[in-house]
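None of these values were measured; they are calculated from a predicted model. The analysis underlying the following values was restricted to heavy atoms, covering all of them including side chains, and did not include hydrogens, waters or symmetry mates. Lettering follows sequence order; numbering is per chain, from 1.
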2 protein chains.
Amino acid sequence: MTRVEAEGLIAHDVLAVVLRMTPSSPEVLLWQRAREPHDGRWALPGGRLGATEDVEASVRRHLAEKVDLGEVAHVEQLSVFSDPHRGPAPRRVATAFLGLVPSDADPAVPGDTAWHPVDALPETAFDHGTITTAGLDRLRAKLSYTNIGFALAPEIFSISELRGLYAAALGHRVSATNLQRVLTRRGVLVPTGSTAAPGPSGGRPAALFRFSERSLRVTDPFATLRPPDRDC
Amino acid sequence: MTRVEAEGLIAHDVLAVVLRMTPSSPEVLLWQRAREPHDGRWALPGGRLGATEDVEASVRRHLAEKVDLGEVAHVEQLSVFSDPHRGPAPRRVATAFLGLVPSDADPAVPGDTAWHPVDALPETAFDHGTITTAGLDRLRAKLSYTNIGFALAPEIFSISELRGLYAAALGHRVSATNLQRVLTRRGVLVPTGSTAAPGPSGGRPAALFRFSERSLRVTDPFATLRPPDRDC
DNA sequence: GAGGTTTTCGCCTGTTGGTCGAAAACAGGG
DNA sequence: CCCTGTTTTCGACCAACAGGCGAAAACCTC
């Protein structure tokens, strides 16, 4: 046992599951390792926690090396991964984050970095496959009771586009009727008044919407067992 | 800068917000520090992450020093607290957990340890007040869409007792009618068939219930925007 | 203008949660 | 033994909400 291990000092990493929706499937941002351990495998972006930053600042700093931070619309903490055998020695503890990139953004990425559909991941390094799944699960859950869709969608979009994004994230079909009604009733979606140009094969032009807020908010009906009389 | 700081090695602690419901208010388990820093202030139970354990195993180990682990019905990870200035140097990162103790348990605790109502906390050490609030917020949210009440209630209980626990945790009155209907419909509550003895002033004897499962489960209606046809 | 395509909107239905009041089941006192 | 007070339970009603369907609207090309 080395001196630092005896003192209980541990290397702390931050990692980000950065997701983007495509018409067919969610994609996660991975980079290919070029050295041992796990040479050649694909890993989540991240790196060491610095001495003067908290974990969120750290993950943003490391993310900036792989993707334009302006394109990342939302970042939130996921969970700590600390199994002593999650990687080869020496031991490393990682705080994982979820990052979301709107579907219309196509940020430039370094040569070792690429988007991979989550249902056909390459061989991943360490426990990064598990962490990716945890990120997607979190997104799916929050789509139901928050306005987190703002981080997947362009500024302006039609209900059809939004339905495609929700369907890709959730993995099942979504009713456009219901989606519009639920999100507008909750006040997360507001009409812009303008309409999009119809497609090449015609069709009624789609009304365009935007999210009322572009930061995370939990919507009301989340809380069953409410206080009486709507107050407290 | 010392050698270990240059290497990015950081002390990692685990902390637990252990909550218990009383008729008047939630209580959190705190112990009084007997040395600097923050000598005399009250702190959450916890300690260093060991070399051969993950964070959950670690928090259970440290918790066992303060309270009988058999009385802790549920433990889950909350969040990482990593502000470089959350305490005096040297820097420490902490993974916080939420622990729940049923209301009928009254575990023996060491002399430096005591339960404190969360609405009248003593002067707390470091950021432990903030962490306590985060724990209570998590509990309140999960009461709505999971069966987490199992960790607050005795094995067998009446609806009135359960209503008291929910009211204490949520901070507002709860309808007994609605609570019973919602929880039984979701299948988290099942009647035992037996009834309790009436109180000293009479009254109809209360039917007794128990939770169908004593491990965390997310209940269905949580997911709005369901897949079509109830399948998929 | 006719036919095809896409989106939008109104209507209906089943489920859920909130509220209220009546009824049930007990104790104690006259 | 009946009446009152107390506590719990249950049924009924209502409002809000999500899911589904089909008609209508608004565009295209031919």
Which class fits the ring pair W42(A) and H116(A): parallel under 30°, tilted 30 to 60°, perpendicular over 60°?
-> perpendicular
Would you kindly give the CG-to-P distance between L179(B) and dT16(C), to the nearest whole Å?
-> 16 Å
Give the rounded distance in Å between these two atoms: CG of L189(B) and P of dT8(D).
-> 15 Å
Which residue pairs pass the side chain to side chain donor-acceptor pair (under 3.5 Å) test with at least one member in residues 193-204 of chain A, sequence neighbours excluded?
-> T192(A)-S194(A)
Check every strand shown and say whether A176(A) touches a base, only sugar-phosphate, or nothing at a heavy-atom separation below 4.0 Å.
-> nothing
Residue whose closest nucleotide on DNA chain C lies nearer the 5' end, L208(A) versus T177(B) | L208(A)
Produce a footprint string for nucleotides 25-30 of chain C: one letter per nucleotide, 5' end first; B if the base is under 4.0 Å from any protein heavy atom, S if only the sugar-phosphate is, - if neither.
-> BBS---
Is there a donor-acceptor pair closer than 3.5 Å between any side-chain N or O of R138(B) and the backbone N or O of Q77(B)?
-> yes
Have a look at the helix from dG1(C)-dC30(D) to dG30(C)-dC1(D) and give the angle its two end axes make, five pairs each, rounded to 10 degrees.
-> 20°
Nucleotide dG17(C), atom P - distance to OH of Y166(B) in whole Å = 12 Å
Specify the separation, in whole Å, of atom CG of N178(B) and atom C1' of dC10(D).
-> 14 Å
Quick check: does any side chain N or O of R210(A) sit under 3.5 Å from a backbone N or O of V190(A), one acting as donor and the other as acceptor?
-> no
Please state how far atom CG in L183(B) lies from atom P in dG17(C), giving the value in whole angstrom units.
-> 9 Å
Does anything in residues 111-122 of chain B pair up under salt bridge (Lys or Arg N to Asp or Glu O under 4.0 Å), and if so which pairs, sequence neighbours excluded?
-> K66(B)-D112(B)
Measure the distance from NE2 on H172(B) to C1' on dG17(C) and round it to the nearest whole Å.
-> 13 Å
Between R185(B) and dG17(C), is there a side-chain N or O to OP1/OP2 distance below 4.0 Å?
-> yes
Quick one: does R181(B) reach the base of dG18(C) with a side-chain donor-acceptor pair under 3.5 Å?
-> yes
Measure from the side-chain N and O atoms of H128(A) to the backbone N and O of L44(A), and report whether any donor-acceptor pair falls under 3.5 Å.
-> yes
Does K142(A) reach the side chain of L216(A), with side-chain heavy atoms less than 4.5 Å apart?
-> yes
Starting at atom OH of Y145(A), determine the distance to atom P of dA18(D), rounded to an integer number of angstrom.
-> 16 Å
Taking only the side-chain nitrogens and oxygens of Q180(B), find out if one of them lies under 4.0 Å from OP1 or OP2 of dC10(D).
-> yes
From the list L143(B), L162(B), L19(B), D104(B), side-chain contact (heavy atoms from CB on, under 4.5 Å) with L152(B) holds only for L143(B)
Salt bridge (Lys or Arg N to Asp or Glu O under 4.0 Å) pairs, two or more places apart, involving residues 22-31 of chain B | R20(B)-E27(B)
Residues from residues 157-165 of chain B sitting under 4.0 Å of DNA chain D, heavy atoms only?
-> I159(B), S160(B)
Is a side-chain donor or acceptor of R214(A) paired with a backbone partner of F150(A) at a separation under 3.5 angstrom?
-> yes
Is there a donor-acceptor contact under 3.5 Å from the side chain of T184(A) to the main chain of R181(A)?
-> yes
Ignoring hydrogens and geometry, is there a side-chain-to-backbone donor-acceptor pair from N147(A) to R217(A) under 3.5 Å?
-> yes
So does R186(A) get a side-chain nitrogen or oxygen closer than 4.0 Å to the phosphate oxygens (OP1/OP2) of dA18(D)?
-> yes
